Structures are given as C-alpha cells and as structure tokens.
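Input: a single structure, listed below in structure tokens.
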Amino acid sequence: MRYDDKNEASGYRRNYILSTKVIVVNQDTINRMREHYQINLLEKVPPGGVFAAKLPTCMVTAYRSGKVMFQGGMADQESSKWDGTPSVTKPKSSSPKVRTDQYSIPVDIAKMAIIGSDEVGTGDYFGPITVVAAYVEPAQMDLLKELGVKDSKDLKDPQIVKIAKDIIEVVPHSLLILHNEKYNTIQERGMTQGKIKALLHNKALEKISPTKPDGILIDQFAEPDVYYRHIKNEKQIVKENVYFSTKAEGVHLAVAAASIIARYAFVREFDKLSEKAGMVLQKGAGPGVDRIAAQLIKQKGEEILRTTAKLHFANTEKSKRLLR
Ligand code: MN
C-alpha cells in the first residue's frame with residue numbers, strides 16, 4: 001500500500017486518548033465540511049468514510065453514517081464549529097479515566113502569550129537531554145516568523161543553530177541540560193525516561209515562571225495524568241493554565257522557539273562531546289552509532305560511555321558485541 005496507514009493509524013490512536021470528539025451531522029453538513037477542509041483533505045479515506053482531513057491541530061474523519069470524528073489537541077474546538085449532536089457511542093479507546101476537557105486547548109491559543117516547553121536528545125544515544133521553556137507574546141510573533149521560527153523537525157541543524165542565535169537574545173527562556181553522567185546515575189537508580197522528562201519540564205517551567213503568561217503549552221510526551229504523577233513530589237508544581245498537545249510546535253510559536261533553542265543547546269553539547277571523544281559522534285541510535293561507540297570503546301575504554309552516552313540504550317550492548 002502506498003499510503004503509510006500504519007504510522008498514521010498509530011498516530012491517531014495516540015491522539016485519540018488525548019482528545020477525541022465524535023459528533024453526528026447530516027449529509028448537508030458533511031458536504032459543507034468537505035468543502036471547508038478542502039486543502040487539508042487526505043487522499044486515503046478509511047472504510048466507511050466520506051473524507052479524512054489532516055489539520056495542523058487535529059484529524060477530521062467523516063463517515064457515511066453521519067458520524068464525524070475529531071482527534072487531536074484541538075478536537076473539541078474544531079468540532080464545536082459544526083452544529084452536530086454529540087455521538088452516543090463512545091469511541092472505543094476512550095477510557096473514562098482519561099480526563100480531556102480539563103486540559104483542552106483554548107481555540108485562540110496561537111495568538112496568546114504562551115510559555116512553551118520542549119525537549120531534545122531523548123532518542124539520541126550520545127549526548128545530553130536538553131529542555132527549554134520559552135516565552136513568546138503576540139508582539140514578537142511576526143519577528144520570530146521572519147527569523148525562520150517554525151517546527152524544528154522541518155529544519156536542518158545548521159539552520160537551527162542560525163535561528164537559535166538570532167532568537168536567543170529576544171526570547172525569554174530557561175534551559176536545562178541533563179548531562180550523561182547524571183542521566184545514567186538516576187536511570188540506574190530506576191527512574192524512567194518519562195519521569196526524567198517530566199521533572200525537567202516542570203523545572204524549566206518553574207525557572208521561567210516569574211513571567212506570567214496567558215498559558216503554558218507542553219509538547220506532550222505523556223498523558224497529563226501520568227505527567228503530574230511523575231512530578232507529584234516536587235516542591236513546586238507548575239500546573240496553572242497548563243495545556244498539552246502533541247506536535248505543539250505547530251500549535252504555538254513558543255514551543256517552536258523552545259524546540260529550536262533546545263536543539264541548539266543539544267548540538268553545542270554534542271560538539272563538545274565529539275571533541276572530548278576525539279571523533280565525530282553521530283546523532284540518533286542507529287547502527288552507525290553502534291560502530292562509533294565500538295570505536296570509541298576501543299580507543300578510550302568503556303568508561304567514556306558513562307559521560308558521553310545513555311548507557312541503558314541497546315547501543316551499549318550492540319557496540320560491545322561488535323568488538324567481540
Ligand atoms: Mn517534543
């Protein structure tokens with residue numbers, strides 16, 4: 001199949017749990033909706049479907065039955081644009097335990113003064129985890145767009161470094177770097193990466209919090225309930241007007257800026273580690289990384305991984321196997 005339904009489908013499912021809204025509308029409304037979402041329509045429509053559209057903030061799927069499903073960060077807001085009746089059948093993966101309304105994102109969030117937070121490095125074997133909280137208010141938005149601030153996943157590292165250098169002076173932010181040695185120590189004590197991330201986000205938000213925003217938007221890596229469970233023993237818990245969204249870089253420039261600054265900090269630290277290692281390290285966690293780690297062990301001894309890599313990744317074993 002040409003269309004990568006597998007990835008898409010799992011993406012939906014994740015959003016599903018976050019926020020799903022199903023309404024029932026008449027044929028006429030479905031026609032109007034299709035027209036309204038014309039530029040966002042997907043080629044592939046699921047079985048029984050009339051159309052599927054992918055908006056920056058949610059997925060819309062209309063079915064011949066008249067049901068229209070909205071899935072994603074702004075499902076509530078998007079569905080409320082249409083006068084349908086709420087569906088009586090609950091979507092199957094929505095569980096009563098999952099609270100969605102509490103964290104649902106304001107419709108006009110993109111125009112609000114927001115602190116956004118994002119992290120980098122959690123999937124990279126070499127290098128630290130960096131987390132940034134950044135504050136962006138409406139008056140800055142045009143400038144930031146002009147400077148090239150957008151979803152960092154669409155940007156290459158050299159571009160990110162350039163944009164970061166431009167915005168770092170004008171965007172108030174807090175930056176946390178969790179270096180490898182400390183990461184390995186707390187990971188070995190049994191802390192999950194999810195909890196590590198939650199603690200770092202909360203800390204970064206706490207550090208920047210003297211700036212009073214209209215809201216806080218976290219690029220979502222866990223269900224809100226799980227996130228708050230991770231940080232429940234912290235002295236200070238940032239939770240007032242906190243919203244969560246996956247792909248939040250596309251929801252507010254503050255998250256896009258946070259993501260760029262976090263990536264910049266990661267790249268800088270990464271380059272320092274390469275220097276220390278005496279070889280050009282590689283990002284990610286693929287087979288190339290195993291080969292470099294093996295070479296590194298050979299040249300400097302296994303101990304160097306403790307201060308340059310995330311030891312619990314499978315890459316550690318794989319690289320040692322390469323040396324046998
Ligand atoms: Mn993220």
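Indexing begins at 1, ligand by ligand and atom by atom, following the structure's order. Remember, it's a predicted structure, so these values are computed and weren't measured experimentally.
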For the Mn ion (ligand 1), what is the number of protein N, O or S atoms at a distance under 2.8 Å?
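Excluding waters, the total comes to 2.
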Mutual orientation of the aromatic rings belonging to Tyr37 and Phe51 [parallel < 30°, tilted 30-60°, perpendicular > 60°]:
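Tilted, since the angle between the ring planes falls between 30° and 60°.
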Exactly one of Lys21, Met74, Gln77 should register a side-chain contact (heavy atoms from CB on, under 4.5 Å) with Ser104. Which one does?
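Testing each of Lys21, Met74, Gln77 against Ser104, the sole residue satisfying side-chain contact (heavy atoms from CB on, under 4.5 Å) is Gln77.
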Excluding sequence neighbours, so at least two apart, what forms salt bridge (Lys or Arg N to Asp or Glu O under 4.0 Å) with Lys320?
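Applying salt bridge (Lys or Arg N to Asp or Glu O under 4.0 Å) to Lys320 gives Glu302, Glu317.
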Please tabulate, for the side chains in residues 191-200, all donor-acceptor contacts under 3.5 angstrom to protein atoms that are two or more places apart in sequence or on a different chain.
| residue | atom | partner | partner atom | Å |
| --- | --- | --- | --- | --- |
| Thr192 | OG1 | Lys195 | N | 3.1 |
| Gln193 | NE2 | Thr122 | O | 2.9 |
| Gln193 | NE2 | Tyr183 | OH | 3.1 |

Side-chain donor-acceptor pair under 3.5 Å between Asp271 and Ser274, yes or no?
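Note: Asp271 and Ser274 side chains miss the donor-acceptor criterion.
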Can you list the other members of the hydrophobic cluster that holds Leu147, where links are side-chain heavy atoms under 4.5 angstrom apart?
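Besides Leu147, the cluster holds Val132, Val136, Met141, Leu143, Leu144, Val149, Leu155, Ile160, Val161, Ile163, Ile167, Ile168, Val170, Val171, Leu175, Ile177, Leu253, Ile260, Ile261, Tyr264, Val267.
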